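Source: prediction; values computed, not measured.
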Amino acid sequence: MASLNVYSALVVLFLTCGAAMATKENDQIIKDNNCETKMGLPCVLEAFTSIFETGTISSKCCGELVGLEKVCHSALVKRTLENPLFKDLRPTRIIAKSIQTWNNCLALIDSPSPSA
């Protein structure tokens, strides 16, 4: 099992190193929407593990993910898949997990809280 430090390193790569490999379209979307500044590192880590590994994402981080907006979410996932470090991943599986995570978070955020 990978340690938190390994996951942290992957997140940093997710946010920075992938930029050099990004298509101009994804890179421009990320830049135009300030995508890399909209989520805190702990929630980026949760979202990353939920999509690229086996993990869950908390309701707090779901709120941050939905606040990121779908255009940013999709562009960041696609940019990560373009990074050579992730060449062994199956893109269709990652895209499906990305959509599932997004939809689960959207449903969680849109659902009314139970009354106390």
Side-chain angles (χ1 to χ4, degrees):
M1 183 172 176
S3 70
L4 183 58
N5 290 337
V6 172
Y7 284 128
S8 297
L10 289 174
V11 169
V12 170
L13 289 171
F14 173 65
L15 293 175
T16 57
C17 295
M21 298 295 155
T23 62
K24 289 181 181 181
E25 180 182 348
N26 286 331
D27 203 35
Q28 195 62 46
I29 290 168
I30 292 165
K31 181 181 176 187
D32 289 348
N33 293 285
N34 296 316
C35 297
E36 294 177 324
T37 63
K38 292 184 176 182
M39 285 181 75
L41 185 58
C43 288
V44 169
L45 179 60
E46 278 190 31
F48 184 90
T49 57
S50 176
I51 296 166
F52 290 89
E53 297 289 333
T54 302
T56 59
I57 185 167
S58 66
S59 58
K60 175 192 178 293
C61 291
C62 271
E64 285 193 32
L65 181 66
V66 171
L68 178 67
E69 299 176 5
K70 191 166 186 170
V71 68
C72 284
H73 172 70
S74 296
L76 288 166
V77 169
K78 288 175 186 175
R79 185 175 76 180
T80 301
L81 285 170
E82 293 166 353
N83 188 313
L85 291 173
F86 301 102
K87 69 179 190 265
D88 294 332
L89 298 178
R90 292 185 0 220
T92 54
R93 181 174 176 264
I94 297 301
I95 297 295
K97 285 181 75 175
S98 167
I99 293 168
Q100 178 184 13
T101 299
W102 176 265
N103 289 339
N104 290 347
C105 284
L106 194 58
L108 180 66
I109 299 307
D110 285 345
S111 67
S113 300
S115 301

Inset, instruction - Could you tell me whether the side chain of Thr49 and the main chain of Glu46 form a donor-acceptor pair under 3.5 Å? - result: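 Yes; at least one donor-acceptor contact below 3.5 Å.
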Inset, instruction - Only pairs at least two apart or in different chains count here, so list each salt bridge (charged side-chain N to carboxylate O under 4.0 Å, His left out) that has a residue in residues 92-105. - result: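 Pairs touching residues 92-105 that pass the test: none.
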Quick check for you: to the nearest 0.5 Å, what is the distance between [X] atom [atom1] and [Y] atom [atom2]?
X	Y	atom1	atom2	value
Lys87	Glu82	NZ	CD	15.5 Å
Asn26	Arg79	CG	CZ	8.5 Å
Thr101	Leu106	OG1	CG	12.0 Å
Ser59	Leu65	OG	CG	12.5 Å
Ser50	Asn104	OG	CG	7.5 Å
Asn34	Leu68	CG	CG	11.0 Å

Inset, instruction - Heavy atoms only: give me the nearest Phe86-Thr80 pair and the separation to one decimal. - result: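 That would be CD1-O, 3.3 Å.
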Inset, instruction - Could you pull out the closest heavy-atom pair between Gly67 and Lys38, with the gap in Å? - result: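 Shortest heavy-atom separation between Gly67 and Lys38 comes out as O-CD, 4.3 Å.
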[X]-[Y] co-clustered via ILVMFWY side chain contacts under 4.5 Å:
X	Y	answer
Phe48	Leu89	yes
Met39	Ile109	yes
Leu85	Ile94	yes
Val44	Ile57	yes

Inset, instruction - Among residues two or more places apart or on two chains, list those pairs meeting disulfide bond (SG atoms under 2.5 Å apart) that have a residue in residues 69-107. - result: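 Sorted result for residues 69-107: Cys35-Cys72, Cys62-Cys105.
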Inset, instruction - List the steps and the verdict of side-chain hydrogen bond (donor to acceptor under 3.5 Å, both in side chains) for Glu69 and Asn33. - result: CA-CA 9 Å; Glu69 299 176 5; Asn33 293 285; over 6 Å; no
Legend entry - Glu64/Lys60 ion pair, N-O < 4.0 Å: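 Result for this pair is yes, salt bridge flagged.
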Inset, instruction - Give the intermediate values and the outcome of side-chain contact (heavy atoms from CB on, under 4.5 Å) for residues Asp110 and Val66. - result: CA-CA 10 Å; Asp110 285 345; Val66 171; over 6 Å; no
Inset, instruction - Test Ile51 against Trp102 for side-chain contact (heavy atoms from CB on, under 4.5 Å), laying out the working first. - result: CA-CA 10 Å; Ile51 296 166; Trp102 176 265; over 6 Å; no
